[in-house]
Amino acid sequence: MAEAEITQGAIEAIFCDRERAAVQFPVPVLQCLHIKFLENKNPGVPGPERYRIVLSDIRNYVQCMLATQANRVVHDGLLQKGSIVRVKQYQAQSVKGKSILIILDLDVMTHLGTPDKIGDPKLMEAAPSEQQQNTTIGGAGFYGGAKSEPAAVHETKPQVQRQVASRTGGGGGSGGHAASTIYPIEAISPYANKWTIKVRVTSKSDIRTWHKTHSEGKLFSVNLLDESGEIRATAFNQEVDQFYDLLQEGSVYYISTPCKVQLAKKQFSNLANDYELMLESGTVIERADDQSSVPQVRFNFCTIQELQGVEKDATVDVIGVLKEVNELEQITSKTTQKPYDKRELTLVDDTGYSVRVTIWGKTAREFDASPESVIACKGTRVSDFGGRSLSLLSSGTMAIDPDIPEAHKLKGWYEAQGRNNTFATHSNLSSVGAATGRKDDAKWIAQIKNENLGVDKTDYFTVKGTIVHMRQENFAYPACPSESCNKKVTDMGDGTWRCEKCNITHDRPQYRYIMSVCISDHTGNVWISCFDEQARLIMGKTADEMMELREQDQAAFEAAFDAANCRKMSFRCRAKMETFAEQPRVRISVWNAAPLDYKSEAHRLAELIKEMSV
DNA sequence: CCCCCCCC
């Protein structure tokens with residue numbers, strides 16, 4: 001009989017007296033009254049699958065979130081409305097006057113069936129102290145109040161006492177964090193003010209420095225994983241010195257407050273967590289003796305076909321069979337001039353689609369998986385190049401033939417039929433774009449403004465237009481002639497030009513273009529900025545030559561501008577928010593410019609027509 | 001307090 005199994009009163013105890021709850025109800029048995037799948041709040045950005053459930057102990061019911069690792073009870077069809085469950089691990093939270101239980105582990109007592117709602121349970125109100133806090137005006141009392149801290153995770157599994165080396169005493173010791181106080185990453189929020197997590201460092205960045213007008217410093221960040229979720233942690237300046245060597249990629253640590261928890265900025269976050277950690281000098285980090293109990297990696301795959309609906313610049317995990325491996329190549333970054341090693345992979349999956357994945361640096365150099373291996377990539381950035389393509393971020397990871405169900409399934413599919421399939425690419429679809437909402441990045445000029453390119457993030461696009469005007473004032477600046485310096489030099493007034501960066505004076509500068517060009521198409525006009533390489537291509541002369549003309553032959557100087565005017569070209573552009581005179585505005589820089597190739601343009605149009613008429 | 005993740 002189900003009713004007899006249910007631990008009546010457990011819910012109130014969990015929220016009002018957790019010590020009593022632990023003793024009296026070590027494993028609460030509750031009835032599931034409701035299961036709701038939560039829609040992804042960010043369409044186009046894959047997030048973890050989420051379920052909200054309502055659990056009752058006959059006297060009370062409470063809203064619960066299923067931690068993602070507990071989703072299996074839904075997937076397996078075990079958890080249904082009416083089911084009786086044993087809650088093996090949970091986290092009680094009281095947030096904004098509401099009681100919420102995060103369910104980290106549960107069993108469905110299937111032998112008890114799915115009876116109708118038992119009794120007439122009442123909503124579990126927030127604990128009295130919570131209600132009181134929430135009547136205070138403003139957030140300070142809420143954030144600062146010790147009572148608003150959620151109860152520690154309740155683990156019903158037997159725990160082995162762990163040996164902890166004392167960081168200060170240097171010797172060994174026992175104790176430290178009782179295992180029962182370990183929080184799941186998923187329960188961390190600004191509302192929790194005292195916690196310890198047990199996490200694996202799944203990736204660690206290099207130390208980076210920044211120099212801006214108002215600040216400079218250094219930082220590094222790590223991605224942390226436990227069975228409940230992931231979170232990024234960043235250390236700045238002195239905390240870099242304190243923690244960089246201690247935190248090793250792949251190792252497991254206890255990390256304890258004090259530690260700042262703040263909202264992760266969505267546009268930069270590549271992990272499925274609303275929050276991120278900022279390590280403080282007081283943050284306690286200890287390597288765990290037990291390195292094996294925390295998972296190694298956590299994937300949230302989307303299929304290759306689904307990439308079509310994923311927005312550009314989202315971060316996703318993919319898994320596929322390795323169809324092609326290219327040779328190692330080198331490229332030079334256009335922004336930093338730094339060289340990068342890269343390698344292109346082509347992955348296919350059982351949706352019938354293929355996608356190109358670029359891997360970088362060491363991962364690219366040391367890549368030696370054989371074709372037809374299964375490759376799982378965690379943390380790839382979605383680009384719209386070629387319809388859809390992927391680039392493995394430096395914070396991402398790659399696993400070859402991982403021992404996970406998705407990999408075995410793909411292997412089986414590939415052996416049975418996939419090997420002989422042909423695969424669709426996203427570029428086939430996207431080129432039809434003009435009529436159907438194009439996915440490629442060719443834009444009319446009006447679209448640049450209408451689509452707010454560059455406003456929220458940096459956008460790249462190609463625009464074809466006719467040059468209608470070139471600004472003659474300040475078309476060039478005197479640059480340092482040193483190899484790849486290009487910084488503006490100062491006229492010292494004695495015939496020499498000084499470069500502050502190189503700390504050298506030169507006899508003459510090398511002029512470089514920074515030319516504003518107005519281009520036009522049938523939808524409008526826009527000003528774009530051309531730098532030296534592109535402007536040289538447009539003008540057919542170097543900036544030095546133009547400076548000389550200006551000095552010696554004003555008519556010839558103007559004629560050179562006239563000659564370049566009215567050319568029709570294709571411009572590869574970057575639109576980015578920049579600040580001029582404290583006014584933010586979108587600046588469009590030309591990355592590449594090329595005269596229109598009428599033959600290939602005509603060919604492209606013919607292909608488009610052909611695809612539309614299929 | 002960063003927020004770059006590169007190239008076609």
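Predicted, not measured: the structure shown is a model, and the values here were computed from it. Naming: A, B, ... by sequence-line order, numbering from 1 per chain.
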What side-chain donor-acceptor pairs closer than 3.5 Å can you find for residues 525-538 of chain A, not counting sequence neighbours?
residue: A:Asn525; atom: OD1; partner: A:Ser520; partner atom: OG; Å: 2.9
residue: A:Asp532; atom: OD1; partner: A:Tyr513; partner atom: N; Å: 2.9
residue: A:Asp532; atom: OD2; partner: A:Arg536; partner atom: NH1; Å: 3.0
residue: A:Gln534; atom: NE2; partner: A:Trp591; partner atom: O; Å: 2.9

ask   = So what does A:Arg572 hit on the nucleic acid, given a heavy-atom distance under 4.0 Å: a base, only sugar-phosphate, or nothing?
value = nothing
Nucleotide interval of DNA chain B bounded by contacts with chain A (heavy-atom cut-off, under 4.0 Å) = B:dC1 to B:dC8
query = A:Lys323: what forms a salt bridge (charged side-chain N to carboxylate O under 4.0 Å, His left out) with it, not counting sequence neighbours?
reply = none
message = Does A:Lys212 reach a base, just sugar-phosphate, or nothing at all? Heavy atoms under 4.0 Å.
response = sugar-phosphate
Upstream residue (5' side of DNA chain B) when A:Ser389 and A:Ser394 are each assigned their closest nucleotide = A:Ser394
note = Applying ring-ring contact (aromatic ring centres under 6.0 Å, His included) to A:Phe301 and not counting sequence neighbours gives A:Phe299
task = Under 4.0 Å between any heavy atoms, over every strand shown, what does A:Arg343 touch: base, sugar-phosphate, or nothing? Just pick one.
result = nothing
inquiry  = At 4.0 Å (heavy atoms only), tell me whether A:Glu276 reaches a base, stays on the sugar-phosphate, or touches nothing.
reply    = base
Kindly list each side-chain donor-acceptor pair under 3.5 angstrom involving residues 370-381 of chain A, sequence neighbours excluded, with atom names and distances?
residue: A:Glu372; atom: OE1; partner: A:Arg419; partner atom: NE; Å: 3.4
residue: A:Glu372; atom: OE1; partner: A:Arg419; partner atom: NH2; Å: 2.9
residue: A:Glu372; atom: OE2; partner: A:Tyr414; partner atom: OH; Å: 3.4
residue: A:Glu372; atom: OE2; partner: A:Arg419; partner atom: NE; Å: 3.2
residue: A:Ser373; atom: OG; partner: A:Ser370; partner atom: N; Å: 3.4
residue: A:Ser373; atom: OG; partner: A:Ser370; partner atom: O; Å: 2.5
residue: A:Lys378; atom: NZ; partner: A:Glu230; partner atom: OE1; Å: 3.2
residue: A:Lys378; atom: NZ; partner: A:Glu230; partner atom: OE2; Å: 3.1
residue: A:Lys378; atom: NZ; partner: A:Arg298; partner atom: O; Å: 3.1
residue: A:Thr380; atom: OG1; partner: A:Val316; partner atom: O; Å: 3.0
residue: A:Arg381; atom: NE; partner: A:Asp313; partner atom: O; Å: 3.3

ask   = Base, sugar-phosphate, or nothing for A:Lys334, non-hydrogen atoms under 4.0 angstrom?
value = sugar-phosphate
request  = Verify, without hydrogens or angle tests, whether A:Glu276 (side chain) and A:Arg232 (backbone) share a donor-acceptor contact under 3.5 angstrom.
outcome  = no
remark   = Sorted by position of nearest nucleotide on DNA chain B, 5' first, the leading residue of A:Ser383 and A:Lys576 is A:Lys576
remark   = Hits for side-chain contact (heavy atoms from CB on, under 4.5 Å) against A:Ile207, two or more places apart or cross-chain, chain-then-number order -> A:Lys218, A:Phe220, A:Val240, A:Tyr244
ask   = What is the nucleic acid contact for A:Thr332, judged by heavy atoms within less than 4.0 Å: base, sugar-phosphate only, or nothing?
value = sugar-phosphate
